[in-house]
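Everything below concerns the one structure shown next.
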Amino acid sequence: MEGRYKKLIPVRARIEEVVDEVPGVRTFYLRVEGDFTEPLPGQFNEVYMHGVGEVPISVSDVTSDGLIAHTIRAAGSVTNAIVGLGEGDYLGLRGPYGKGWPIDRLEGKDVLIVAGGLGLAPLRPVIREVEKNRSTYGKFTLMYGARSPKLLLYKYEFPRYESIPNTEFLVTVDKPDAAWDGCVGVVTTLFSRASIDPERTVALVCGPEIMMRFTVKELKNMGFKDNQIYLSLERRMKCGVGLCGHCQVGPYFVCKHGPVFPYWMIKKYFWVDQI
Ligand SMILES: Cc1cc2nc3c(=O)[nH]c(=O)nc-3n(C[C@H](O)[C@H](O)[C@H](O)COP(=O)(O)OP(=O)(O)OC[C@H]3O[C@@H](n4cnc5c(N)ncnc54)[C@H](O)[C@@H]3O)c2cc1C
Ligand code: FES
């Protein structure tokens, strides 16, 4: 079959490991059976559960032995069914799709990640990249916020993030619990604690739309130019490959031209609420 059409047919993927992350969110480590292109940071797959349906999910890791990780929140019918699966079960995967984070553009620059909630998942491959090729990039700042300490994703990896050389790792929660002794407030409150040089930094942002809007405002106030800000957008999708139009934002298809966009490209549509 022609490569172009082959990419539309899901390949079988065995669930090798499942990690319970936070309530309602699990990470699935998948062994793909058959040909599959290694996903780039920021790309997504259409994840198919037989008899239920298909959903776009970002790649949250590719392990050294080739497992592809998807961190999935039970949101509706398909994701609830997937989250109920266990080791040894099978999913279908087609992809990887979309344009990911601009790794080439980060070379020699300071890198700023701003993530909210589950938005850390599509950025985890960038953290891995900075960690692996540390000397390629300048100062690394990772700012992460969640609604409560219980909802902080990948908490078990935080010591690892902290130990990356030349890195500032800042975490905040909206609502602390009794045990929390860290920062309190939305993720943008972390900007006053970080030392960021807007001249030499590229910012990668992912999280709920409202969080991304406040983050962009803050970055613009600091002097970031439109071409120094990248955002990962979420829209309802069907085909995932630019055929059906479900994911359209202005003239762009989020599945094909995104999901990661430079701010200059989508700023006209970014402030308009979805219908
Ligand atoms: C590029 C991309 C990457 C994504 N990455 C992840 C990820 O890494 N992990 C993850 O858990 N989810 C991710 N999502 C969101 C995920 O695709 C939706 O939660 C899923 O499609 C919901 O399907 P469902 O049948 O379970 O629920 P539905 O019954 O279809 O919807 C349940 C709820 O989720 C909302 N919703 C549905 N689809 C979307 C969407 N595309 N964007 C925003 N809200 C939606 C609905 O409005 C509704 O409130 C991503 C979406 C996109 C477009
Ligand atoms: S999901 Fe069909 S065009 Fe994007």
Side-chain angles (χ1 to χ4, degrees), residues 4-5 7-8 10 13 18-30 39-62 68-85 91-101 115-128 144 146-147 151 153-154 204-213 230-261 266 269-270 273-275:
R4 188 171 164 207
Y5 297 106
K7 267 198 98 181
L8 292 172
V18 184
V19 176
D20 288 316
E21 301 287 2
V22 300
V25 179
R26 308 181 85 195
T27 298
F28 295 84
Y29 287 85
L30 303 170
L40 300 169
Q43 286 192 304
F44 69 94
N45 287 318
E46 285 287 341
V47 180
Y48 169 70
M49 183 166 167
H50 186 68
V52 185
E54 205 180 35
V55 283
I57 302 288
S58 303
V59 173
S60 67
D61 199 7
V62 180
I68 293 176
H70 284 296
T71 300
I72 304 181
R73 170 167 41 215
S77 53
V78 180
T79 47
N80 263 293
I82 294 174
V83 161
L85 296 177
L91 286 165
L93 284 192
R94 61 184 178 94
Y97 294 138
K99 293 207 164 49
W101 301 106
L118 202 62
L120 189 59
L123 282 158
R124 186 157 71 149
V126 181
I127 303 174
R128 297 277 195 266
Y144 179 46
R147 273 183 286 132
L151 295 178
L153 210 57
Y154 312 134
L204 314 179
V205 186
C206 188
E209 207 127 319
I210 181 83
M211 166 262 165
M212 293 205 287
R213 287 182 182 178
Y230 289 81
L231 308 157
S232 184
L233 299 190
E234 273 197 15
R235 287 294 180 277
R236 282 188 167 278
M237 291 184 181
K238 284 270 180 223
C239 69
V241 292
L243 294 174
C244 72
H246 270 79
C247 64
Q248 210 158 345
V249 172
Y252 305 116
F253 293 143
V254 173
C255 64
K256 188 175 154 187
H257 304 109
V260 175
F261 289 92
I266 43 122
Y269 315 100
F270 181 64
D273 288 323
Q274 285 183 68
I275 303 158

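Sequential numbering from 1 along the given sequence is applied to the chain's residues. Both ligands and their constituent atoms are indexed starting at 1 by order of listing.
Atom 25 (O) of ligand 1 has its closest protein heavy atom at V78 N, 3.1 Å. Looking from atom 43 (C) of ligand 1 to the surrounding protein, the closest heavy atom is E234 OE1, 3.3 Å. Looking only at protein heavy atoms, the nearest one to atom 3 (S) of ligand 2 is G245 N, 3.1 Å. Of the protein's heavy atoms, T79 OG1, 2.4 Å lies nearest to atom 26 (O) of ligand 1. Nearest protein heavy-atom neighbour of atom 4 (Fe) of ligand 2: C247 SG, 2.2 Å. Of the protein's non-hydrogen atoms, R235 O, 3.1 Å is the one closest to atom 53 (C) of ligand 1. Closest to atom 33 (C) of ligand 1, if we only count protein heavy atoms, is A75 O, 4.1 Å. Regarding atom 27 (O) of ligand 1, its nearest protein heavy-atom neighbour is G76 CA, 3.1 Å. Ranking protein heavy atoms by distance to atom 12 (N) of ligand 1, first place goes to I57 CD1, 3.6 Å. Among protein heavy atoms, the minimum distance from atom 8 (O) of ligand 1 is reached at S58 N, 3.3 Å.
Here is the list of ligand 2 atoms found below 4.0 Å of a heavy atom in G240: 1 (S), 2 (Fe). Listed by number with element, the atoms of ligand 1 under 4.0 angstrom from any heavy atom of M237 are 1 (C), 53 (C). Within ligand 2, counting atoms from 1 as listed, the ones closer than 4.0 Å to a heavy atom of C255 are 1 (S), 3 (S), 4 (Fe). Counting the atoms of ligand 2 from 1 in the order shown, those under 4.0 Å from a heavy atom of K238 are 1 (S). Each of the following atoms of ligand 1 lies closer than 4.0 Å to a heavy atom of R73: 10 (C), 11 (O). Using a 4.0 Å cut-off to heavy atoms of M237, the atoms of ligand 2 that qualify are 1 (S). Per-residue contacts place G242 under 4.0 angstrom from the following atoms of ligand 2 (heavy atoms of the residue considered): 3 (S).
Between the choices T71, L118, V55, the shortest heavy-atom distance to atom 21 (O) of ligand 1 belongs to V55. For atom 31 (O) of ligand 1, the candidate residues are H70, R236, E209, H246; the nearest heavy-atom contact is made by R236.
When side chains are defined from C-beta on, C206 counts as touching W101, because their heavy atoms get closer than 4.5 Å. No side-chain heavy atom of F253 sits less than 4.5 Å from a side-chain heavy atom of V241. E234 has its side chain out of reach of L118: every pair of non-hydrogen atoms, C-beta onward, lies at least 4.5 Å apart. Using a 4.5 Å cut-off on side-chain heavy atoms (C-beta onward), P259 and Y97 make no contact. A heavy-atom distance below 4.5 Å is found between the side chains of F44 and C255. Looking only at side-chain heavy atoms (C-beta outward), V55 and M49 stay at 4.5 Å or farther from each other. Using a 4.5 Å cut-off on side-chain heavy atoms (C-beta onward), P23 and L151 make contact. Contact of the F261 side chain with the L231 side chain is not registered, since no non-hydrogen atoms from C-beta on lie closer than 4.5 Å.
How far CG of L233 is from CZ of F270: 7.0 Å, rounded to the nearest 0.5 Å. Atom CD1 of residue I68 and atom OG of residue S60 lie 10.5 Å apart, to the nearest 0.5 angstrom. Taken to the nearest 0.5 Å, the OH atom of Y48 stands 11.0 Å off from the CD1 atom of I82. Within the model, atoms CG of L153 and OG1 of T71 stand 6.0 Å from one another, a figure rounded to the nearest 0.5 Å. Between the CG atom of N80 and the CZ atom of R73 there is a distance of 11.5 Å, given to the nearest 0.5 Å. A distance of 8.5 Å separates OG in S58 from NE2 in H70, rounded to the nearest 0.5 Å.
On a distance-only criterion, N80 and ligand 1 share no N/O pair closer than 3.5 Å. Close N/O approach between P56 and ligand 1 is found [any backbone or side-chain N/O within under 3.5 Å]. Looking at I72 next to ligand 1, no N or O pair under 3.5 Å apart turns up. The shortest N or O to N or O distance between P259 and ligand 1 is not below 3.5 Å.
Residue G116 comes nearest to M211 through the heavy atom pair N-CE, 3.7 Å, listed as atom of the first residue, atom of the second, then distance.
For atom 45 (C) of ligand 1, no protein heavy-atom neighbour is found at a distance under 4.0 Å. Protein heavy atoms are absent from the 4.0 Å sphere centred on atom 18 (C) of ligand 1.
Only the backbone of L243 comes within contact range of ligand 2, with a heavy atom under 4.0 Å; no side-chain atom does.
Using cut-offs of 30° and 60° on the angle between ring planes, the pair Y252 and Y269 is perpendicular.
Heavy atoms of G53 stay at 4.0 angstrom or farther from ligand 1.
The SG atom of C244, atom 2 (Fe) of ligand 2 and the SG atom of C239 define an angle of 110° (nearest 10 degrees).
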